[in-house]
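Beneath this line is the structure, given in structure tokens, with notes to follow.
None of the values given here were measured: they were computed from a predicted structure.
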Amino acid sequence: MIHTLQNIGIDKISLHTFDFQVINAQKSGLRIKPHEINLETGEQEAEDLFLDASGTQFKGQRAYFNEDDLYQLDISNRGMRITFNPSKYLHPYNLTDDPRGAWSEIENNLKNRGITGAWSEANVTRLDLAKNVTLKQPCLSYNPVWDLLNVKRTKNPSTYPDGYATHNNSTGVNFYNKGKEAKETKLGNNTMRGELQWKKKASVRSNSGIYTMNNLLEVGSTDLEKAYSMKMSNDVFRSDDVNGQQIIPFNDTYVLFQQLVKESRRSAVNKLKAIISTQYIIQDLGGMEAFKLMLKQEGYSRSVINDHIKQASKELMQGSRLRSSCSVVGTLYRELHQKFAS
């Protein structure tokens, strides 16, 4: 079933199997990429790829074809891999949680090419889940949030004008302006896509409970939504469960410190301590006039008092400015959490 923008769907599937047969290689449409040549011996170091029904052994680096936008097939000495996007098959940017439409078309295409296999038992080795959301602000406005994300066990986080990406060998997370990427002006600049990429068999299984193509065809939309939301909540936005309530660990002091680091890493710690100390002192005494009176009663000179008042005012103004910025970032952070992780 094709969905509207707000639903979670499948953006990519990769299947792997050793149990396949190419009945007639010449009619299959496969192309074979030759392997490297050993210049010392002059021999091509070709690997066995597959036998067709006549018993002919085909060798090379890989055999492959791309069936337009429907799917890609690749054969190597590590077996056969089929990759497709069941959502794009149905719609340029909306998502579906049901791969059966695209998969039925792929099966028919494989059959017409004379390629058979135990497809239902093929391992799901990649599964990308995605969600499109409409934001209150243009995607570009959410850039300050990306510095707050700390996705578990990933590396090389990168930000770009209106998005964010981080990954490792088995997991990836992407947020980006879907209207811009799809070149769909009707989506404007407020439609953001959040993608979770599980790029290994083990990560697909541990995060979704899906092992084979048959499992994937049987899974319901509720199961996919649960897997997506749990990953976003636990590993991306990092909400904590306290007495059954999901609490977002958004700490204003930490965000204030991040703002100070951006201005000057060298002085950030001292400035943070000064701002917080000054705010506490002024608040505890009941205001700046009370602070001034305290200094006067303890015998400080007028010039010294004026210097302290001037410095305290400067620190309060800086703290107010940065906390105002933090408040805006916090609002944006909570909106993304609510729309992607809830």
Side-chain angles (χ1 to χ4, degrees), residues 1-17 20 22 25 27-33 61-76 79-117 119-120 122-133 160 162-163 165 167 172-188 191-200 204 208 210 212-214 216-217 219 221 224 228:
M1 178 177 66
I2 196 73
H3 289 312
T4 56
L5 279 174
Q6 307 303 314
N7 297 87
I8 292 169
I10 302 171
D11 190 59
K12 181 180 282 189
I13 299 168
S14 285
L15 306 174
H16 179 270
T17 183
F20 69 92
V22 179
K27 295 182 179 180
S28 68
L30 284 164
R31 300 173 67 88
I32 293 182
K33 182 177 180 179
Q61 184 178 354
R62 56 187 282 257
Y64 66 95
F65 63 73
N66 296 323
E67 183 60 31
D68 297 326
D69 292 328
L70 181 58
Y71 73 111
Q72 297 83 45
L73 182 146
D74 190 282
I75 300 172
S76 70
M80 175 186 286
R81 184 177 71 249
I82 296 172
T83 302
F84 66 104
N85 183 335
S87 295
K88 206 163 191 177
Y89 167 73
L90 297 172
H91 194 273
Y93 54 84
N94 283 345
L95 295 160
T96 182
D97 57 22
D98 186 354
R100 286 176 291 186
W103 180 241
S104 176
E105 187 73 16
I106 291 169
E107 281 193 299
N108 287 335
N109 186 273
L110 289 167
K111 183 178 179 181
N112 291 337
R113 290 173 175 271
I115 301 175
T116 62
W119 309 129
S120 63
N123 289 309
V124 180
T125 56
R126 175 157 181 164
L127 180 63
D128 292 4
L129 299 182
K131 185 178 184 181
N132 298 325
V133 302
Y160 35 98
D162 42 15
H167 64 91
V173 178
N174 288 330
F175 293 97
Y176 58 91
N177 182 335
K178 185 58 184 176
K180 183 177 179 181
E181 186 268 345
K183 299 180 180 178
E184 288 284 348
T185 56
K186 67 178 69 175
L187 294 179
T191 301
M192 182 177 287
R193 172 167 289 191
E195 290 181 358
L196 292 177
Q197 302 170 342
W198 296 317
K199 301 183 286 185
K200 299 286 185 181
V204 172
S208 71
I210 294 170
T212 65
M213 186 57 182
N214 192 50
L216 183 57
L217 293 175
V219 75
S221 60
L224 294 178
Y228 180 92

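Atoms CH2 and CG, on W103 and L110 in that order, are 6.0 Å from each other to the nearest 0.5 Å. Atom OG of residue S208 and atom CG of residue L216 lie 8.0 Å apart, to the nearest 0.5 angstrom. To the nearest 0.5 Å, atoms CD1 (I13) and CD1 (I106) are separated by 8.0 Å. The CD1 atom of I210 lies 12.5 Å from the CG atom of N123; values are rounded to the nearest 0.5 Å. How far CE of M80 is from CD1 of I75: 4.0 Å, rounded to the nearest 0.5 Å. Here the CD1 atom belonging to I115 is positioned 5.5 Å from the CG atom belonging to L73, to the nearest 0.5 angstrom.
Counting only heavy atoms from C-beta outward, the side chains of Q197 and H167 never approach each other to under 4.5 Å. Here the side chains of Y89 and D69 are not in contact, with every heavy-atom distance at 4.5 Å or above.
A donor-acceptor contact shorter than 3.5 Å links the side chain of D98 to the backbone of R100. Side-chain N or O atoms of N85 include one that pairs as donor or acceptor with a backbone N or O of D11 at under 3.5 Å. A distance-only check finds no donor-acceptor pair linking the side chain of T96 to the backbone of S87 [under 3.5 Å]. S14 places no side-chain N or O within 3.5 Å of a backbone atom of T83 that could act as its donor or acceptor partner. Looking at N112, its side chain does come within 3.5 Å of a backbone N or O of N108 through a donor-acceptor pair. Under a 3.5 Å cut-off, the side chain of R193 and the backbone N or O of Y93 do form a donor-acceptor pair. Side chain of R113 to backbone of S28: a donor-acceptor contact under 3.5 angstrom is found.
Note: F65 and Y71 meet the aromatic proximity criterion, with ring centroids under 6.0 Å apart.
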List the steps, then state whether side-chain contact (heavy atoms from CB on, under 4.5 Å) holds for L15 with T125. CA-CA 6 Å; L15 306 174; T125 56; over 6 Å; no
Does the pair M192 and F175 meet the rule for a side-chain contact (heavy atoms from CB on, under 4.5 Å), with working shown? CA-CA 7 Å; M192 182 177 287; F175 293 97; 4.1 Å; yes
Could you walk me through whether Y228 and L196 pass the side-chain contact (heavy atoms from CB on, under 4.5 Å) check? CA-CA 7 Å; Y228 180 92; L196 292 177; 3.7 Å; yes
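By the 6.0 Å contact criterion, CZ on R81 is open, its count of non-hydrogen atoms from other residues, nucleotides or ligands being 12 or less. Within 6.0 Å of the NZ atom in K88, the count of heavy atoms belonging to other residues, nucleotides or ligands does not exceed 12.
For the side-chain hydrogen bond (donor to acceptor under 3.5 Å, both in side chains) test, residues two or more places apart in sequence or in another chain that qualify with Y176 are E195. Here F20 pairs with nothing under the ring-ring contact (aromatic ring centres under 6.0 Å, His included) rule; sequence neighbours left out.
Listed here is the closest heavy atom pair of P86 and P99: CB-CA, 3.7 Å. Of all heavy-atom pairs spanning A102 and L70, the tightest one is O-CD1, 4.1 Å. For the pair V204 and W198, the tightest heavy-atom approach, listed with the atom from each and the gap, is CG2-O, 3.6 Å. Smallest separation of non-hydrogen atoms from G9 and L95: CA-CB, 3.8 Å. M213 and W119 get closest at one heavy-atom pair: CB-O, 3.3 Å. Closest of all the heavy-atom pairs between I10 and D97 is CD1-O, 3.7 Å.
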Listed pairs under 3.5 Å, donor-acceptor, residues 178-187 side chains, sequence neighbours left out:
unit_1	atom_1	unit_2	atom_2	d
K178	NZ	E181	OE1	2.7

